[in-house]
Peer 1: 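If you scroll down you'll find the structure; I have some questions about it.
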There are 2 protein chains.
Amino acid sequence: MDGRNDIAPRPRTRIQRKNSRAILDAALEVFSQYGFRGATLDQIAEVAGLSKPNLLYYFPSKEAIHVTLLAGLLDTWLAPLRAIDPAGEPVEEILGYVRRKLELSRDYPRESRLFANEVLQGAPRISGLIQGELRDLVTETAALIRGWVAAGRLAPVDPHHLIFSIWATTQHYADFDVQVRGILRQSPARTHQGALDFLCHLYSAALAPGGPGLAPPFDH
Amino acid sequence: MDGRNDIAPRPRTRIQRKNSRAILDAALEVFSQYGFRGATLDQIAEVAGLSKPNLLYYFPSKEAIHVTLLAGLLDTWLAPLRAIDPAGEPVEEILGYVRRKLELSRDYPRESRLFANEVLQGAPRISGLIQGELRDLVTETAALIRGWVAAGRLAPVDPHHLIFSIWATTQHYADFDVQVRGILRQSPARTHQGALDFLCHLYSAALAPGGPGLAPPFDH
DNA sequence: CATTTGTCTGACCAGTCGGTCAGCTTCCAC
DNA sequence: GTGGAAGCTGACCGACTGGTCAGACAAATG
């Protein structure tokens, strides 16, 4: 009688799996484009090829769909950060992180925009995740980077702002895609390669140990 | 009888000026927080301290308020780019641009978020501005930077991706403020200074002519 | 075949949305 | 002060929103 109305447990039957997937995919498409309040269940239902009541048979509410999406997203999104190898060569590890993050922006722009939409509007539904899981992982990585700096294997930079800048520069190509394509009229593949080249130059120049900018450039 | 229902001409009387300003300020507050579809006229009216019909006495529709905001915003937003002096020292000019853009993010975060919201959702109302005024100015600035590179006064970088990265890194502190503050728990002033220090290091290292990365770092 | 269980839908509901309108009040030039 | 324009509002409208519900349909189970 009651459909899979809980958020946590995964669907069991074939039909449940198929329809849940269709709903989440359609919801990702619509939410990422219009934001939570801008999206409607009718839109999602139409994209998913289901009726609106049928959506609400699989998910208890609009918000439940949204939360399910966000929760499932964070792992994918943080994977590149986890993949940084503490035993690797510092500059190469960070450049690899940039490359993976940029590929994520290219291959999963909807996920990036969904997340951006949520954070832009104050992250009312995921502030817990940000101050929990996300923050912990960043703190960890920041400590790793600080260790590399202390060992003289990396130019002295603030690890947090380094991470922020990598997030910003890579996600920019997904979140502001319309702007990028409106200014830079070229194939997405070419834009991606250009971005990769530039960012590698940017970060390798700034992170190479013993580089030009050892002292803080501006006094404060 | 008819209020100032057109978009272009500025209000004349004192009351018109005062209320128009109050409406636009309230709309900026609400639109930037909830996006266009997420915001309601009732919310804007309440923030502005006016009744909803009175809002529509000054502006013909919700969309007119939004468009008015966006149009008035672009000039402010592009001012730092226009302020780049072709006769100045290249690296200093770009660092100055970064500084001004970062100050804009600190002082006008609502404007940044409004713009981000719009672009994120496909810029349905300002695609003309992006492909027109914005694109022209960027093309111009890109040519200037390319000239600096050719003269050997700047490391060889792609000017477009350089501009994109500056936009991304600076606006990140306004658009993703919730995330930044959720991770980096410190005063906004301290965060601003840290960001400025980091970004100056980042760009001065990468842009200094004759630096480490003259050849493209990755083959393609 | 009958029963049960899971899947699905048309019709509907209460609340909210952007926007209208008739008419009220306030202001100001004369 | 008075007439007319400017400024303002409560009440209202049709459209749309998220969500409900009784019951139809489908599929497994006996």
Side-chain angles (χ1 to χ4, degrees), chain A residues 1-7 9-24 26-27 29-31 33-70 121 124-125, chain B residues 1-7 9-24 26-31 33-70 117 121 124-125:
Chain A
M1 179 176 289
D2 205 10
R4 285 267 37 81
N5 272 358
D6 306 320
I7 300 176
R10 288 286 91 198
R12 297 181 196 113
T13 79
R14 226 168 308 139
I15 289 182
Q16 280 175 349
R17 217 185 313 274
K18 193 191 76 173
N19 283 347
S20 285
R21 215 177 287 272
I23 291 170
L24 288 177
E29 182 72 27
V30 177
F31 278 140
Q33 193 169 352
Y34 300 104
F36 179 72
R37 289 191 60 175
T40 70
L41 286 179
D42 295 89
Q43 273 182 291
I44 298 173
E46 195 187 334
V47 173
L50 299 172
S51 69
K52 184 169 68 170
N54 205 9
L55 283 199
L56 296 163
Y57 171 72
Y58 288 98
F59 291 88
S61 70
K62 181 186 181 184
E63 182 155 349
I65 303 178
H66 197 238
V67 169
T68 302
L69 273 179
L70 286 170
Q121 304 188 2
R125 279 166 281 270
Chain B
M1 179 179 288
D2 205 10
R4 285 267 39 80
N5 272 359
D6 305 320
I7 300 174
R10 288 285 91 197
R12 296 182 197 114
T13 78
R14 225 169 310 136
I15 289 183
Q16 280 176 351
R17 218 186 312 275
K18 191 191 79 174
N19 283 347
S20 285
R21 215 178 286 272
I23 291 171
L24 288 176
L28 176 60
E29 182 73 26
V30 177
F31 278 140
Q33 192 169 353
Y34 299 103
F36 179 72
R37 289 192 59 176
T40 70
L41 286 180
D42 294 270
Q43 274 182 290
I44 298 174
E46 195 187 335
V47 173
L50 301 172
S51 68
K52 184 168 67 167
N54 206 9
L55 242 63
L56 295 162
Y57 172 73
Y58 288 98
F59 291 89
S61 70
K62 181 187 182 184
E63 182 154 349
I65 302 178
H66 197 238
V67 170
T68 302
L69 272 179
L70 286 170
N117 248 312
Q121 303 188 3
R125 279 166 281 270

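Numbered from 1 within each chain, the chains take letters A, B, ... in sequence-line order.
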Peer 1: For the pair made of CZ in F59(A) and C1' in dT7(C), what is the distance, rounded to whole Å?
Peer 2: 15 Å
Peer 1: By nearest heavy atom, map R14(B) and Q43(B) onto DNA chain C; which one lands nearer the 5' end?
Peer 2: Q43(B)
Peer 1: Under 4.0 Å between a side-chain N/O of Y57(B) and OP1 or OP2 of dG7(D), yes or no?
Peer 2: yes
Peer 1: Out of dG7(D), dG18(D), dG10(D), which nucleotide sits closest to the side chain of P53(B)?
Peer 2: dG10(D)
Peer 1: In whole angstroms, how far is the C1' atom of dT26(C) from the CG atom of N19(B)?
Peer 2: 13 Å
Peer 1: Q43(A) side chain to T40(A) main-chain N or O, any donor-acceptor pair under 3.5 Å?
Peer 2: yes
Peer 1: Rounded to the Å, how far apart are L50(B) CG and dG10(D) P?
Peer 2: 12 Å
Peer 1: Would you mind telling me which of dC17(C), dC8(C), dT9(C) lies closest to the side-chain atoms of I15(A)?
Peer 2: dC8(C)
Peer 1: Whole-Å distance between dT20(C) C1' and L41(B) CG?
Peer 2: 13 Å
Peer 1: Under 4.0 Å between a side-chain N or O of Q16(A) and OP1 or OP2 of dG6(C)?
Peer 2: no
Peer 1: Separation of D42(A) atom CG from dG19(D) atom P, in whole Å?
Peer 2: 11 Å
Peer 1: Could you work out which one of dG18(C), dT9(D), dT20(D) sits closest to the side chain of L56(A)?
Peer 2: dT20(D)
Peer 1: Would one find a side-chain N or O of N54(B) under 4.0 angstrom from OP1 or OP2 of dG10(D)?
Peer 2: no
Peer 1: Of all the nucleotides listed (dG19(C), dT17(D), dT9(C)), which has the minimum atom distance to the side chain of R37(B)?
Peer 2: dT17(D)
Peer 1: Closest approach to the side chain of K62(A), judged atom by atom: which nucleotide of dC17(C), dG19(D), dC8(D) is it?
Peer 2: dG19(D)
Peer 1: Does the side chain of Y57(A) reach to within under 4.5 Å of the side chain of K52(A), using non-hydrogen atoms?
Peer 2: no
Peer 1: I'd like to check Y58(B) versus I65(B) (side-chain heavy atoms, cut-off strictly below 4.5 Å). Are they in contact?
Peer 2: no
Peer 1: Check this for me: does the side-chain of K52(A) come within 3.5 Å of the base of dG18(D) through a donor and an acceptor?
Peer 2: yes
Peer 1: Just say parallel, tilted or perpendicular for the rings of H66(A) and F36(A), cut-offs at 30° and 60°.
Peer 2: tilted
Peer 1: Heavy atoms under 4.0 Å, any strand shown: does A39(A) hit a base, just sugar-phosphate, or nothing?
Peer 2: sugar-phosphate
